[in-house]
Amino acid sequence: MSLEASALQKARVAYQPKLPKALRQHNIRVKLGAPAYPATQRQALKKAFPKTYGQRVAAIVAGGDGMHRRPLRAGVVLSGGPAPGGHNVIAGLFDALKATHTDSKLFGFLKGPGGLIHGKLKELTSEAIAPFRNTGGFNLLMSGRDKIEKPEHLAACEKHLADLDLDGLVVIGGDDSNTNAAVLAEYLRARGARTCVIGVPKTIDGDMKNREIETSFGFDTAAKTYSELIGNVCRDAQSSVKYWHFIRLMGRAASHITLECALQTHPNVALISEEIQARRMTLSQVVDGLVDVIVKRAKAGTHYGIVLVPEGLPEFVPEIKTLLGELSVILGKDDFAGMKYVAGLRDHNERVQYLNNLLTDHSARVYGQLPPDIQAVLQTLDKHGYPLLSQVETERLLIDLVTDKIRLLRERGHEDPKFSPLSHFLGYEGRCGAPSNFDADYGYALGYTAAHLICAGLSSYTVYVGNLTQSRDKWVAGGTPITAIMNIEMRKGKPTPVVRKALVDLNGGPFKTFARERDAWALNDAYVFPGPMQFFGPPEICDAPTVTMMLERP
Ligand code: FBP
C-alpha cells in the first residue's frame with residue numbers, strides 16, 4: 001500500500017481526457033471567419049487597440065496538411081485564483097505542441113504574471129507534467145494576481161519572451177487576465193515582436209462567458225463540490241431540526257455559483273445579488289425577506305433552514321456599492337497611496353475617522369453602521385483595485401441583522417420564532433479539487449486548441465471550445481478576438497478597456513427556473529442531495545455539465 005498518493009489520485013492521473021473529434025483528426029487547420037467587434041464603445045476600443053482590433057473569428061476545421069515544418073516554442077502562465085482543470089490546460093497545450101513537432105518546447109512562468117515580468121520560469125517536460133494530469137490546483141507553476149500594465153512591465157515581458165524566442169504565450173485566467181493578454185498582445189504587435197498571446201477562460205466564478213465562450217473551466221467542479229456540501233448540510237438540518245445555516249459561497253462579483261448550487265440543491269433561500277441590485281433593495285429589505293421565511297417556517301413548526309449567500313452580495317446592494325466605489329477611489333488613488341496612508345494610521349478608530357471625513361455623508365453613515373471587522377476588511381484593496389470581498393463575512397452580518405429584527409419582533413409582542421443560526425463559508429475548498437470529468441476534458445481541449453491558435457500565428461484571441469452540452473465528439477473549437485469581448489469600465493477612477501464580466505441574466509433560463517420554484521423551496525423541504533462528484537461510471541452521472549449550462553443552452 002502506498003501512502004504517497006491515494007488510490008483515486010493514481011487513477012485520476014491515468015485518466016485520458018476525451019478530446020473532441022474536431023481536435024483529434026490529423027489534418028486540421030485554423031479557418032478565419034468574419035471580423036468580430038465589441039458590442040459597445042467600438043471607437044474607444046479601436047483607439048486603444050489599433051493593431052489587434054477587428055480581428056476575425058477563428059475556427060478549427062478539418063483539411064490542413066497536418067505537417068508543421070518547425071518545432072514551436074510556447075510559454076504558459078496561470079493567473080488569478082486557482083480553478084480545477086488548469087493543469088489539464090497545460091497538459092493539452094503540451095500534448096498538442098508535441099503532436100505538432102516532437103522538438104517543440106513549453107516553458108511555464110512561475111507565480112502568475114509576476115513570473116513573466118521577472119523572468120522566473122521552468123521548462124515543462126513530459127516528466128514534469130505527468131503527475132499533474134487531471135489534478136486540481138495550480139501548484140505545478142503556482143499563480144499570482146500581478147497585472148501587466150505599466151510600461152516597464154510590458155518591456156520586461158517583451159524581453160523575457162524574446163530571450164526565450166517564443167512563438168506564443170498562453171495566459172490562463174479570468175476577465176482581468178484576458179485583459180492583460182490583450183494589452184500585452186497589442187504591445188508586442190506594435191513593437192513588431194514575434195510572440196503571439198492567447199488567453200484561456202478560467203475562473204470558478206463562471207463570469208467569463210459570452211456568446212462564444214459558453215463557460216470558464218473550473219465553474220463545474222467548484223459548483224459540484226459546494227453542492228455536495230450544501231446537500232449534506234440540508235440533510236443535517238432535517239436531522240437536527242434546530243439550526244438555520246447561512247452559507248456564503250465564493251464568486252467575487254457574479255452570483256452564478258450561488259444560482260447553480262441553488263438549482264442543484266433547492267435551499268430555502270438563495271440570495272441573488274443581480275436581482276437585489278435590479279430591485280434596488282436595501283440591506284434592511286433583504287433582511288426583512290429572510291425574517292419573513294423564518295417566521296413562516298416557524299409557524300409551520302419548522303425551526304431550521306438553509307440560506308445561500310453569494311460572496312459578491314455587498315457590492316450589489318446599491319448603498320453598499322456606492323460606499324465601495326468611494327472607498328476604491330480613496331484607497332486606490334495614486335497607485336494605492338491612499339491605502340498605504342490609511343494602513344499607517346494609529347488605530348482602527350483613527351482609520352474609520354479619516355475615511356468618514358472623505359466619504360459622502362450617506363456612505364459615511366453606511367460605513368459607520370458596519371461591524372468593525374467588516375470596516376477593517378474594506379480598508380484594503382486587491383491588486384486590481386477591488387475591495388477584498390472574499391474576506392467580508394456577509395453571512396455573519398446577515399445573521400446579526402436577522403437576530404436584531406427577530407428581537408425587535410419579540411419586544412413588540414409580534415412573532416417570536418426560534419432562531420439558532422450557524423454560519424459557513426464555502427470558498428477555497430472548492431477551487432483546487434480534482435477536476436470533474438467535464439473540467440478535465442474541457443481544460444484539456446482548451447489547451448490543445450491554444451496550441452493550434454499559436455501555430456496559426458494568431459494573437460489577442462481567447463480560446464473557445466463550444467457545444468459543451470453535447471457529447472464530447474460534437475464539441476467545436478476555435479478562438480475569439482479578445483477586443484470583441486471588451487468594454488470600457490472605470491478602474492482606479494479611470495475609464496479602462498477590460499474584458500466584460502457576465503453577471504447573472506435575470507431573463508435567462510437559470511434565473512427564471514429558480515424564480516419559478518423558490519417560493520415552494522422556501523416553505524417546503526424540497527432539498528436535493530447531489531452527493532460527491534463521480535469520476536468513473538455512466539456518463540449521465542460522471543460527465544454531465546452544470547444545470548446552468550443545460551438551461552442556457554438546452
Ligand atoms: P479568479 O476570478 O481569479 O479565478 O478568482 C476567483 C476567486 O476564487 C473569487 O471567487 C474570490 O473572490 C477570489 O478569487 C479570492 O481571491 P484570493 O485567492 O486572492 O483570496
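Order of appearance sets the numbers: ligands from 1, and atoms from 1 within every ligand.
- The stretch residues 135-154 participates, sequence neighbours left out, in no ring-ring contact (aromatic ring centres under 6.0 Å, His included) pair at all.
- Proximity to Gly80 (heavy-atom distance under 4.0 Å) selects the following atoms of ligand 1: 3 (O).
- Ligand 1 does not have Gly174 within reach: every non-hydrogen atom of the residue lies 4.0 Å or more from it.
- Distance alone, capped at 3.5 Å, is enough to place a donor-acceptor pair between the Ser255 side chain and the Ser273 backbone.
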Return a table of donor-acceptor pairs under 3.5 angstrom between the side chains of residues 442-451 and protein atoms on other chains or two or more places apart.
from	atom 1	to	atom 2	distance (Å)
Tyr442	OH	Thr215	O	2.6
Tyr444	OH	Asp95	OD2	2.5
Thr449	OG1	Ala445	O	2.7

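- The closest approach between Ala83 and ligand 1 stays at or above 4.0 Å for every heavy atom of the residue.
- In this structure, Arg252 does not pair ionically with Asp205, as no charged nitrogen and carboxylate oxygen lie closer than 4.0 Å.
- For ligand 1, one of its N or O atoms has an N or O atom of Gly81 under 3.5 Å away.
- Contact analysis leaves Met208 out of contact with ligand 1, as no non-hydrogen atom separation drops below 4.0 angstrom.
- For ligand 1, the atoms sitting less than 4.0 Å from at least one non-hydrogen atom of Lys202 are 1 (P), 3 (O), 4 (O), numbered in the order shown with element in parentheses.
- With hydrogens left out, the protein atom closest to atom 10 (O) of ligand 1 is Asp205 OD1, 2.6 Å, a heavy atom.
- Between Leu506 atom CG and Lys512 atom NZ the span is 10.0 Å, to the nearest 0.5 Å.
- For atom 15 (C) of ligand 1, the nearest protein heavy atom (residue, atom name, distance) is Arg431 NH1, 3.6 Å.
- Distance check: Asp236 CG to His245 NE2 gives 5.5 Å after rounding to the nearest 0.5 Å.
- In terms of protein heavy-atom proximity, atom 14 (O) of ligand 1 is nearest to Arg145 NH2, 2.9 Å.
- Looking from atom 12 (O) of ligand 1 to the surrounding protein, the closest heavy atom is Glu311 OE1, 2.6 Å.
- Distances between N or O atoms of Gly251 and those of ligand 1 include at least one value under 3.5 Å.
- Atoms CD1 and CZ, on Ile272 and Phe514 in that order, are 5.0 Å from each other to the nearest 0.5 Å.
- With hydrogens and angles ignored, the 3.5 Å screen pairs no side-chain donor or acceptor of Thr52 with any backbone N or O of Ser460.
- The protein non-hydrogen atom at the shortest distance from atom 20 (O) of ligand 1 is Tyr428 OH, 2.6 Å.
- Contact annotation for Thr203 and ligand 1: heavy atoms of both the backbone and the side chain come within less than 4.0 Å of the ligand.
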(message) Between Gln264 and Glu260, is the side-chain hydrogen bond (donor to acceptor under 3.5 Å, both in side chains) condition met? List the steps.
(response) CA-CA 6 Å; Gln264 287 196 31; Glu260 172 63 22; 2.6 Å; yes
